[in-house]
Amino acid sequence: MPVLVITGTGTEVGKTVTTAAVAAAALAAGRSVAVLKAAQTGVRPDERGDADEVARLAGPVTATELARFPEPLAPGTAARRAGMAPVHPREVAEAAAKLATEHDLVLVEGAGGLLVRFDAAGGTLADAARLMDAPVLVVASAGLGTLNTTELTARELRARGLEPAGVVIGSWPDAPDLACRCNVADLPEAAGVPLLGALPAGAGALPPAEFRVRAPEWLAPRLDGTWNAEAFRVREAA
């Protein structure tokens with residue numbers, strides 16, 4: 001898959017750190033990687049954005065950001081309030097296609113969830129994924145409530161003719177409660193796709209060198225890792 005779109009079931013679910021882990025594992029497997037942030041919001045011009053954070057953690061990736069808006073809002077709203085031109089799905093698809101001619105893997109990170117609006121016409125990350133004919137990796141939270149949002153995201157992808165590539169838990173707690181432990185088995189059933197990884201809480205705070213070494217341990221072989229869902233389920237249920 002030359003292009004993989006990465007979305008979350010909402011905000012603050014670990015999407016950027018998951019993108020960094022996927023990039024790091026691909027780099028460790030000898031692949032060249034580009035990371036495309038479709039629209040960055042809530043960051044000043046002099047601050048590091050999500051694409052920069054992925055590069056810091058993962059290593060030598062080509063990091064590209066299509067647009068940056070100052071307020072921490074949906075991209076379409078942030079663009080309108082700033083009086084700036086919005087990002088359109090076709091621009092995302094065109095940028096990803098260009099990067100794909102020069103890299104083995106292009107990771108396209110969205111903003112928030114799948115249907116967050118990019119422009120006044122209602123364009124979304126799902127529309128960009130459709131134009132790219134790219135699979136979509138869903139990053140979900142670990143605890144109570146995640147089954148509903150994850151299943152809704154997977155259903156919407158299928159309704160739009162898109163392929164859900166799998167689910168990754170973006171932040172697995174050090175002391176998981178009953179809901180978290182049950183969700184390891186229930187998430188793939190709810191989404192109808194495999195669980196492809198679980199990142200430990202605080203992974204993004206690790207030193208980059210340690211993050212790069214450990215990233216493949218958090219992801220399944222389909223994402224260039226060594227993580228095993230069944231072994232993880234058994235261990236966490238104990």
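Predicted model only: the values in this text are computed from it and were never measured. Any value given below was found using the heavy atoms of this structure, including those in side chains, with hydrogens, waters and symmetry copies removed.
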Testing the basics here: between V193 and P164, what is the closest heavy-atom pair and its distance to 0.1 Å? CG1-O, 3.3 Å
Would you say that T19 contacts D50 through its side chain, given a criterion of any heavy-atom pair below 4.5 Å between the two side chains? no
For A25 and D224, the nearest pair of non-hydrogen atoms, with its separation, is O-CB, 3.6 Å
Do you know which two heavy atoms are closest between T150 and T9, and how far apart they sit? OG1-CG2, 3.6 Å
To check you understand the geometry: which heavy-atom pair defines the closest contact between P135 and A165, and what is its length? CB-CB, 4.0 Å
Heavy-atom closest contact (L27 atom, G59 atom, distance): CD1-C, 4.2 Å
When you compare the side chain of L115 with that of R160, does any pair of heavy atoms fall below 4.5 Å? yes
R181 side chain to P176 main-chain N or O, any donor-acceptor pair under 3.5 Å? yes
Could you check whether any side-chain N or O of T146 sits under 3.5 Å from a backbone N or O of S141, counting only pairs where one atom can act as donor and the other as acceptor? yes
Heavy-atom closest pair, residues V136 and A129: CG2-CB, 3.9 Å
In the structure I gave you, are the side-chain heavy atoms of V138 and L157 within less than 4.5 Å of one another anywhere? yes
So with a 6.0 Å cut-off around CZ of R68, is the heavy-atom count from everything else above 12? yes
Decide yes or no on side chain to side chain contact (heavy atoms under 4.5 Å, CB included) for V108 and V5, but give the supporting numbers first. CA-CA 5 Å; V108 180; V5 175; 4.2 Å; yes
Using modelled atom types only, decide if a donor and an acceptor are shared between the side chain of S32 and the backbone of D104 within a distance under 3.5 Å. yes
Under 4.5 Å between any side-chain heavy atoms of R56 and P208, yes or no? yes
Polar side-chain atom of E210 near backbone of P207 as donor-acceptor pair, under 3.5 Å: no
Identify whether I6 and V116 are in the same connected component of the hydrophobic contact network (ILVMFWY, side-chain heavy atoms under 4.5 Å). no
In this structure, which one of W172, W227, F211 forms a ring-ring contact (aromatic ring centres under 6.0 Å, His included) with W218? F211
Step by step, would you call L4 with L223 a side chain to side chain contact (heavy atoms under 4.5 Å, CB included)? CA-CA 10 Å; L4 177 65; L223 298 175; 4.2 Å; yes
Is it true that a side-chain atom of N183 and a backbone atom of D186 form a donor plus acceptor pair closer than 3.5 Å? no
Residue pair L196 / L219, side-chain heavy-atom distance below 4.5 Å: no
D52 and K37 ion-paired at < 4.0 Å: no
Assess the residue pair R90 and E94 against the criterion (side chain to side chain contact (heavy atoms under 4.5 Å, CB included)); give the C-alpha distance rounded to whole Å, side-chain angles, the decisive distance to 0.1 Å, and a yes or no. CA-CA 6 Å; R90 187 165 298 280; E94 290 172 352; 3.4 Å; yes
